[in-house]
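Written below as structure tokens is the structure these notes are about.
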Amino acid sequence: MALTGMAIYKLLPKTNCKDCGFPTCLAFAMQVAAKQKALTDCPHLDEKAKDAFAESSTPPMKLIKIGPDGDTCIQLGQETVMFRHEEKFRNPPALALTIPATLDDAAAGERLETINKAVFTRIGQEIAVRLAAVDIEGLSAEAAATRVKTLSDASRVPFVLMGTNAGAMAAAVGAIADKRPLVYKATEDNAEAFIKIAAENKCPLAVGAADLEKMAALVADAKGKGVVDMILAFDGKDTAKTIRDMNIARRAALKKNFRDLGFPSMADVACENDRKENVLAATFAAKYASVLIMNSADGGELIPVLTVIQNIYTDPQVPNTVEAKLYEIGDVDENAAVLFTTNFSLTYFSVENEVERSKVPTYICVVDTEGLGVLNAYAGDKISAEKIVKTLQAQGVADKVKHRKLIIPGLLPSFRAEIEDTSEWKEVLIGPESATGIPGFLAEKWK
Ligand code: SF4
């Protein structure tokens, strides 16, 4: 949180010595607040003032990392707003799928393989499971270390290590310390040992407690003992309490600059009921979990949650667009179908998916509508028959096919006459209103 000029002035020696080049400390403070000067330009600052300024320059919620540096490293936190419409949410939550300790080695390997394959594509972006929650409860130290090492060597994703036995946890973390697993979790019962494990191995630590006061005390204790990256762990079983606590923790960090709760949150929603787990995960992702521990590894259950996360963490101030250009779908030639759509990502990828499903080679002419879908673009005057004709010309579509048939969205039937009257596209076909109708339409109309 940036300091005001008066707050900066209070940190200064107030001697008006002019060594900074300004006549008074107050004048210098105003320049620092306006970011015209650095506080360090005053050579007489004491350590307390330097620390206070450093703290004020640090984001109220810390950015934490799970996993080794590189493509698979998970970055969480550093959120700055309570509500997405205030600006945007920054680092999307990661789903952590469990690998139970009760599975034998072969079954644990199969489970990991399922997690490795949990990668999907939606509106042109990859959405995936990004963590595995490896349970070591009940395993000996040696067995925990061996299992964790074997699984880690075959894993696409970093690990959350789950257990309550300090000996087994120390062995497991030590076996893959270079992979920076999340140590789950320090509680009032095991705090001393688990904080030591995380600090010695320089790994992130989950901290859980019965209430927020105790959680903040544990965080302060861990900070004092050298743990840098932490995550506030809520058990997720009491939905109302979890939402309330995650809200209070975030508000305390962002609005009150309360550093001992200035970390991202996580919730364990794993249960035997996939649907319940799914709903809880989506709910907590919205308010405000950064890691969600789940059991289900079924794509049909995971994709809805991943979709919710993708939607919430899309920047609301930036239109979700694709490049306005001519796209070739399939083995196009001079007989390929031609249709147009808008550059709103969701619209484009819906159309593209359905064209691919139709197996009819097709040119898709994408018109720049500033990221609006068909009806919104029409209502907002971002698309017109004239603009479509100009876009077709600019993209050289007529040079690529020998026919002059153009398929237009069924939501814009009124454009047909004007396009036929004002362009070389003399046979305009009114397509389906929804992208899902494209395969049937092409099968029937595009001979
Ligand atoms: Fe004040 Fe520091 Fe500038 Fe001296 S150098 S006038 S103490 S701000």
Side-chain angles (χ1 to χ4, degrees), residues 1-65 69 73 75-91 180 195 198-200 202-205 207 212-213 215-232 246-265 288 290 315-318:
M1 199 175 293
L3 292 178
T4 63
M6 284 313 293
I8 294 167
Y9 174 68
K10 285 178 185 166
L11 298 175
L12 297 174
K14 304 181 201 67
T15 57
N16 299 331
C17 72
K18 303 184 179 58
D19 287 351
C20 58
F22 289 85
T24 63
C25 292
L26 184 59
F28 175 74
M30 293 305 165
Q31 291 296 310
V32 175
K35 300 197 186 327
Q36 300 301 310
K37 285 284 167 186
L39 193 71
T40 49
D41 287 349
C42 168
H44 308 299
L45 287 179
D46 61 20
E47 289 307 313
K48 196 173 152 206
K50 285 180 189 166
D51 289 349
F53 192 71
E55 173 126 327
S56 75
S57 309
T58 308
M61 184 188 290
K62 193 170 185 318
L63 180 75
I64 76 157
K65 295 179 181 178
D69 289 341
C73 180
Q75 296 199 4
L76 305 166
Q78 208 169 63
E79 301 297 337
T80 55
V81 292
M82 294 297 294
F83 304 105
R84 177 177 174 267
H85 63 260
E86 291 178 283
E87 190 204 356
K88 64 178 178 182
F89 292 165
R90 292 166 188 275
N91 289 296
R180 281 179 51 81
I195 289 171
E200 286 181 352
K202 296 186 169 40
C203 287
L205 176 69
V207 176
L212 287 170
E213 255 180 66
M215 192 176 270
L218 278 178
V219 168
D221 186 21
K223 267 202 277 191
K225 290 173 177 164
V227 180
V228 177
D229 284 355
M230 277 178 272
I231 185 162
L232 311 178
M246 286 199 288
N247 265 281
I248 294 171
R250 186 164 171 128
R251 190 168 290 279
L254 301 190
K255 302 296 183 189
K256 304 289 184 191
N257 210 23
F258 183 57
R259 300 284 170 167
D260 289 344
L261 291 176
F263 293 90
S265 300
Y288 294 99
S290 289
D315 187 345
Q317 299 171 92
V318 177

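Indexing begins at 1, ligand by ligand and atom by atom, following the structure's order.
Listed for the Q317 side chain is a donor-acceptor partner under 3.5 Å among the backbone atoms of E87. No donor-acceptor pair closer than 3.5 Å links the side chain of R250 to the backbone N or O of K255. No donor-acceptor pair closer than 3.5 Å links the side chain of K10 to the backbone N or O of M6. Between the side chain of D315 and the backbone N or O of K88, no donor-acceptor pair lies under 3.5 Å. The closest donor-acceptor contact from the side chain of Y288 to the backbone of M82 lies under 3.5 Å.
Heavy atoms of A29 found under 4.0 angstrom from ligand 1: none, in either backbone or side chain.
Using a non-hydrogen distance threshold of 4.0 Å, G21 does not register as a contact of ligand 1.
For K202, the NZ atom is loosely surrounded, since the number of other residues' heavy atoms within 6.0 Å does not exceed 12.
Annotation: protein N, O or S atoms under 2.8 Å of atom 1 (Fe) of ligand 1 (waters excluded) comprise C25 SG.
The closest side-chain heavy-atom distance from K65 to Q75 is below 4.5 Å.
Listed by number with element, the atoms of ligand 1 under 4.0 Å from a non-hydrogen atom of P43 are 5 (S).
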